Every structure is written in C-alpha cells, then in structure tokens.
Number of protein chains: 2
Amino acid sequence: MAFLTSSPLPKRAPIPTAPALSWRMIRADGRPANVVAFEESVVAFFLEAAEILGVPKSLAAIYGVIFASPEPLSFSEVQERLDISAGSISQGLRVLREVNALKVVPNSDSKRELFEPDLELRKLIAHYLEQRVEKQLDSGRGRLQAIAKAIPDGADGSSKVLRTRLKSLQGWHDKSRRVLPMVKALLKLTS
Amino acid sequence: MAFLTSSPLPKRAPIPTAPALSWRMIRADGRPANVVAFEESVVAFFLEAAEILGVPKSLAAIYGVIFASPEPLSFSEVQERLDISAGSISQGLRVLREVNALKVVPNSDSKRELFEPDLELRKLIAHYLEQRVEKQLDSGRGRLQAIAKAIPDGADGSSKVLRTRLKSLQGWHDKSRRVLPMVKALLKLTS
DNA sequence: ACAATGTTTCAATTCAGATTGAACCTAGAG
DNA sequence: CTCTAGGTTCAATCTGAATTGAAACATTGT
C-alpha cells in the first residue's frame, strides 16, 4: 500500500523512479490527436480515482473512455479505443452495468447495445459504501461481542486495561456506523 | 476486489468456499487457551478492518497482538505470538510507529523498546485520510483543469455534452473535498 | 445455410504488492 | 576486542487479484 510505504530509508539515495501514472492504455491508432489527448486525461482522472478506492484499472479505463465520448459507445468501439483484451472489456462492462455506472442505450439499428455513463454517481457511491464498508462494519459488531466474552473477567489491572481498550474499539465502531449515514446524506446534497 | 466480483454467473452452483478470515497467524505454542482465543479474536477484528482500508495483514496482526496485551510488548514478544517472519515484524513495527499507531515505552531495564497501542486512533485515521484521500484529491484538481482545456471548444452538441460531464465531475470533486473535513470533524466528536 | 464478425466465459498467465530469508548491523556480555 | 543474540535491510519469492487468450456462443450479412 503506497501510502504506508515507510519513509525512504535513510541510506542510499532514493532512485527517482518515474511515477508513471498515465499509461499506454489509450489506443492512438489513426485518430485525431486532440481527441486522443482528451480521452487520455479523462481516463487518467478515473484511473487515479480508482486507485483511491481500490478498483481495478481496467474498469476505470472503460468507464473513462465511455465518459469521454459525447455519444454512447458499443462494445467494439470501447475495444478500439483501449488496449485491453476483449475478455476484460466484456467483464468490465458487465460489472459497470451491475453497479449502475453505465446505462444501456438500446441501439436503434442493430441489436448491439450502446453504453453511456450514468452521471448519477450517487448510486454508484452508495453501492460502494454499502458493499465495502457497511457489510464489514456489521460483521465487526459480531467480532466485538466475541472479544468482550473472551476478556478474562476479574478486577485486576490487566482485565481493566483490556476492558478499557475494548471500550475504545466499540467507541470507534459506533462512531463509524454513525458517520456513514451522514456521509451519504452529505453526498446527496448539491447532488 | 471482492465487493465488485460480478454476481455469481448464472450457471454452475457457486461453491460455498469457506470465508476463512481467521488464520493460522497466532501462535498457540504452549500458552493458555483462553489468552490465545482472546488474541485471536482481537487480531481477527483488526484483520477485517485492515481489509476495508486495504492495509497489509501483517500490520493488522502486529497491531492486534499489541492491542490485545495488557502490558507493552517487545519485538521478541510480538514475534513469539505471531507466525510471521522477523523481517515483516521489523518493518511492520516501524510503519506502525511512523503512523502513530504505536507508542514506544522506554524499557526500564535493558535498552530494548516496548510497544503499546496508541488509543488515539484519531491521529491514525487523520493520517490515513490525508495520505490516501487528500493527496489524490489534490492531484485530481490538476487533472480536471487539463480535461477542461482539452475539451474541443465549440457550441455544437458534442462539446456541450462534454462540458456538462466535466461539470458533473467537478461537482463531485468539490463535494468530496468538502465532505472530507466534515468527516474529520465528525470523527473528532465523542472522541 | 454458411461465413464472418462480435461477445462471453473461464482456465491459464501475468503482475503488483506482501512476505520471507539470509546477509548484515549493533549492543551488550565475557 | 571478540562473540553472540536481537534487530534491520533488501533482493528474491510467494500470493492473490487482474488480465489475457482462446474456445464456445451469438449475431449479422451473403
């Protein structure tokens, strides 16, 4: 986890390895340079966001190109724009649909579906918070009870210390549970 | 990323693979069963929390055993309790100190340091938010400007759509930036 | 109906990051 | 001063998750 990489150890000058965030992911092929540049910066933005949230790059890239396109894109158009295997694109599109990051626009001619970004990112974030955070918080509650039971009871110093710590843990747990809905609410404002 | 694993594909009954969160990580060796059980549940709790935050297990385990001990522990005591290489423990302790998850208690006799958990988790969380979230949000600002510049200007439909999307992105970006301090504030309450 | 092209699935591969192992320090003991 | 045990460092290895590749399946065009 990069943000925990311990401080550059004293010795030996830290080799300035290029951060290399942008990536050979957008296909330049024969398309106009400015369009490509635009796509690239949008994708870079989402790649970075994905990194914060711990979401696979391919998803970010796929969402990115679709977001960067004024018209909805088909599977194969996404494929043309990205240097990613068909398999990944297929899976990526599925996940993004399931998570409501993409809307499916039924194609007028031809039965192939078109995809456009769902700008209602609210839903997306809610999904994220529920799946990732809420679920874990719930199981945490169980674990805390287990811990409480396991504390050797007695009034000696040790047990007291441990009970204090448990309290602190419970405090944070509760706090987290209370903060979540507020975050949700805050995100809803200004929609 | 587990929470994005696309829904169990229609076909083929999803094998109910055991979640297996607890782990052979705590050394039972010759220690009293109830102490071990207690440690195990505390460590399990932190392992789970670590998973939400995307922090390496070894860190969680180390913090766990120290948290579970009424008295401060030395390097070698941590090592006795965990089934983890000395290297990992050394690095783990360093990171945890740097991040203020652990306090160093100067040992009365012998110069070896002892570690105890810093219950002021507030600092810890602040660090996390700053490093992981704030930093990225900042670089995001730059990226958004780049995007804005790259939008082909013109009043035709396409450019308009793109400008709308950029707006939406900026909206979310701003919102995130505004939510962060509030989260920090909320966590501070009830400390 | 057949060929060609587009899409899905999933086992095998690759990749990034965590963990180990062993050489290397350092502090205290003899 | 040398020896030893406790700690640290970092290149090599391992591990789990993301990605690929290719076989199956689907759709469109001839």
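Here the structure is a predicted model, which means the values were calculated and not measured. Labels below follow one simple rule: chain letters A, B, ... track the order of the sequence lines, proteins then strands, and each chain is numbered from 1.
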[X] [atom1] - [N] [atom2] separation (whole Å):
{"X": "A:Leu47", "N": "D:dT19", "atom1": "CG", "atom2": "P", "answer": "10 Å"}
{"X": "A:Ile89", "N": "C:dT8", "atom1": "CD1", "atom2": "C1'", "answer": "13 Å"}
{"X": "B:Ile62", "N": "D:dT8", "atom1": "CD1", "atom2": "P", "answer": "11 Å"}
{"X": "B:Leu53", "N": "C:dG17", "atom1": "CG", "atom2": "P", "answer": "17 Å"}
{"X": "A:Glu51", "N": "C:dA16", "atom1": "CD", "atom2": "P", "answer": "12 Å"}
{"X": "A:Glu113", "N": "C:dG6", "atom1": "CD", "atom2": "C1'", "answer": "12 Å"}
{"X": "A:Phe75", "N": "D:dA26", "atom1": "CZ", "atom2": "P", "answer": "16 Å"}
{"X": "A:Gln91", "N": "D:dA18", "atom1": "CD", "atom2": "P", "answer": "10 Å"}

Run through A:Leu119, A:Val99, A:Leu129, A:Asp118 and flag the one making a side chain to side chain contact (heavy atoms under 4.5 Å, CB included) with A:Leu124. A:Val99

Please confirm whether the shortest side-chain N or O distance from [X] to OP1 or OP2 of [N] is below 4.0 Å.
{"X": "A:Ser90", "N": "C:dT7", "value": "no"}
{"X": "A:Ser88", "N": "D:dT19", "value": "no"}
{"X": "B:Arg94", "N": "D:dT9", "value": "yes"}

How far apart are the C-alpha atoms of A:Ser74 and A:Glu77, what are their side-chain angles, what is the distance that settles it, and do they pass the side chain to side chain donor-acceptor pair (under 3.5 Å) test? CA-CA 5 Å; A:Ser74 67; A:Glu77 285 167 322; 3.2 Å; yes

B:Lys135 vs B:Gln131, side chain to side chain donor-acceptor pair (under 3.5 Å): CA-CA, chis, key distance, verdict: CA-CA 6 Å; B:Lys135 196 183 279 181; B:Gln131 290 307 301; 3.2 Å; yes

What nucleotide, of C:dT19, D:dT8, D:dT19, holds the atom closest to the side chain of B:Ala86? D:dT8

Of the listed D:dT27, D:dT19, D:dG6, the closest approach to the A:Arg112 side chain comes from D:dT27

What do the steps show when you test A:Asp138 against A:Arg177 for side-chain contact (heavy atoms from CB on, under 4.5 Å), and what is the final call? CA-CA 9 Å; A:Asp138 285 347; A:Arg177 293 198 65 75; 2.9 Å; yes

